[in-house]
Amino acid sequence: MFARILAGLFLTLIVAAPALAQSALPELSSARQIADPSTAFRAEFGRINHAGDISLYSVKPAKDVTVNVEAVVPVRPSNKDFRPAVAVFVPGSGPAAQTLFPVPAGYQVTVIPPETTAERPTVFEPRSIEKFYRGNVQSINLPANQTTYFAIYSPEHSIGDFVLGLGSSANFENVSASSLIAQGLALKFGLAPGRMIPWGDLAGLFLSILGLSAGLASILAGFLPRPSTIGYNRRFNRSLIVTGVAGLVLFYVGLRFLFRDTGATGIGSFLELISIILAITIGWYALKTWNEAPERVSRVFLSIWATGWGLKAALLVWYVLLGR
């Protein structure tokens, strides 16, 4: 009896397997609308938040247009295993294609498989100042005044960020500057629609900028003319030291927020090393000049101090624009 029950369960699983392999396509009415790609290149930033999720987009061009469709992935550690595919549902009928989900009635589907080479090709996009993993590209004919749908999903059920590109070089020049800026900011901070705001990253950047501002203020103060009286000179010098230390602490705390997941690797390791050098420098300066500020000591300190903070500012900008 027990053997019969097991056999029945086994047969049930075999029959149900094809159905379980399919993912549920979101309701077509929930698709995010993309602006007309016949007038300008379109790029939509999105994210697969959970394994098996499908992101759905729609377009309704004003005229017949052929666009190059590609899903690219921002180059960052969290996306290294994310390789999305794109299923394009165009109105009409055609040969059936293998998909992980049912094809809507009245549509034919073209599946653009993910890039599968071991060494993933990359491209640097100067307009958004971002480096991407390339995806496979395919030209798709979009009919005028009819809705075409794009489903982005991961056949491997992985998660990550992507940018769906629709267009060609012929209409790229029509992209507005404001949309490029908005897209760039969304990419840098992972602000995909439907994703939670990365408060940790924003807090880290805010604290780093505060620390950088304090460090730069201490540099400026160091180059200002010193007060003539001894009492004012001491207070002035102590204020410079306190401001510099506060800047170092704020910047370092911000650094720990920004690199909380990856640790002090890459650019983070350079920023941490510079922070240590500056901490030693200002400690030496405080011991030597807490009550007075000899010109010789001041010049050495300011040279190292200004160079260090200048490097930190450059590396922070590099990280925000290119390294994330």
Side-chain angles (χ1 to χ4, degrees), residues 47 49 74-80 129-131 160-161 181-182 184-192 195-224 234-290 293 297-298 300-324:
R47 177 174 172 82
N49 286 303
V75 175
R76 57 193 59 157
S78 59
N79 292 328
K80 63 184 180 66
I129 320 178
E130 186 78 32
K131 189 177 183 180
D161 305 296
I181 294 172
L185 290 174
L187 280 168
K188 300 307 172 188
F189 292 101
L191 298 176
R195 187 184 185 189
M196 294 182 64
I197 296 175
W199 293 112
D201 288 355
L202 294 178
L205 185 61
F206 177 72
L207 290 172
S208 297
I209 292 175
L210 277 182
L212 189 63
S213 300
L216 296 177
S218 65
I219 295 171
L220 178 62
F223 283 104
L224 291 175
R234 289 175 179 174
R235 287 194 292 271
F236 185 92
N237 193 56
R238 290 170 183 173
S239 298
L240 184 152
I241 294 170
V242 170
T243 303
V245 170
L248 281 177
V249 171
L250 287 170
F251 192 92
Y252 189 79
V253 173
L255 205 64
R256 295 275 60 80
F257 272 99
L258 289 174
F259 293 92
R260 64 192 182 280
D261 294 328
T262 61
T265 60
I267 291 177
S269 62
F270 288 105
L271 286 169
E272 188 155 318
L273 177 61
I274 295 171
S275 296
I276 294 172
I277 293 173
L278 290 182
I280 294 173
T281 302
I282 201 167
W284 166 79
Y285 180 75
L287 289 174
K288 290 282 187 179
T289 65
W290 185 253
V297 177
S298 295
V300 173
F301 164 72
L302 286 175
S303 297
I304 300 174
W305 192 245
T307 301
W309 279 106
L311 288 173
K312 292 179 81 165
L315 289 175
L316 182 64
V317 171
W318 179 272
Y319 170 74
V320 171
L321 296 181
L322 301 175
R324 283 178 52 81

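Along the sequence shown, residues are numbered consecutively beginning with 1.
Closest approach of Ser208 to Leu255, counting heavy atoms only: OG-N, 3.7 Å. Shown here for Ala214 and Gly247, the closest heavy-atom pair between the two residues is CB-CA, 3.6 Å. Between Ala286 and Ile241, the shortest heavy-atom distance links the atoms CA-CD1, 3.7 Å. The shortest heavy-atom contact between Trp305 and Gly244 is CZ2-CA, 3.5 Å.
Between Leu302 and Tyr285, the closest side-chain pair of non-hydrogen atoms is not below 4.5 Å. Looking only at side-chain heavy atoms (C-beta outward), Lys312 and Leu248 come within less than 4.5 Å of each other. Within the 4.5 Å cutoff, side-chain heavy atoms of Ile277 are placed close to those of Leu273. Considering only heavy atoms from C-beta on, Phe301 comes within 4.5 Å of Leu240 through its side chain.
Between the CH2 atom of Trp309 and the CG atom of Leu316 there is a distance of 10.0 Å, given to the nearest 0.5 Å. Note that CD1 of Ile276 and CG of Leu271 are 11.5 Å apart. Values are rounded to the nearest 0.5 Å. With values rounded to the nearest 0.5 angstrom, Asp161 atom CG is found 8.5 Å from Asn49 atom CG. To the nearest 0.5 Å, atom CG of residue Leu258 and atom CG of residue Leu202 are 9.5 Å apart. Expressed to the nearest 0.5 Å, how far CD1 of Ile280 lies from CD1 of Ile282 amounts to 12.5 Å.
Judged by distance alone, the side chain of Thr307 and the main-chain N or O of Ile304 form no donor-acceptor pair under 3.5 Å.
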Using the side-chain contact (heavy atoms from CB on, under 4.5 Å) rule, take Phe251 and Ile274 through it: C-alpha gap first, then chi angles, then the decisive distance, then the call.
-> CA-CA 11 Å; Phe251 192 92; Ile274 295 171; over 6 Å; no
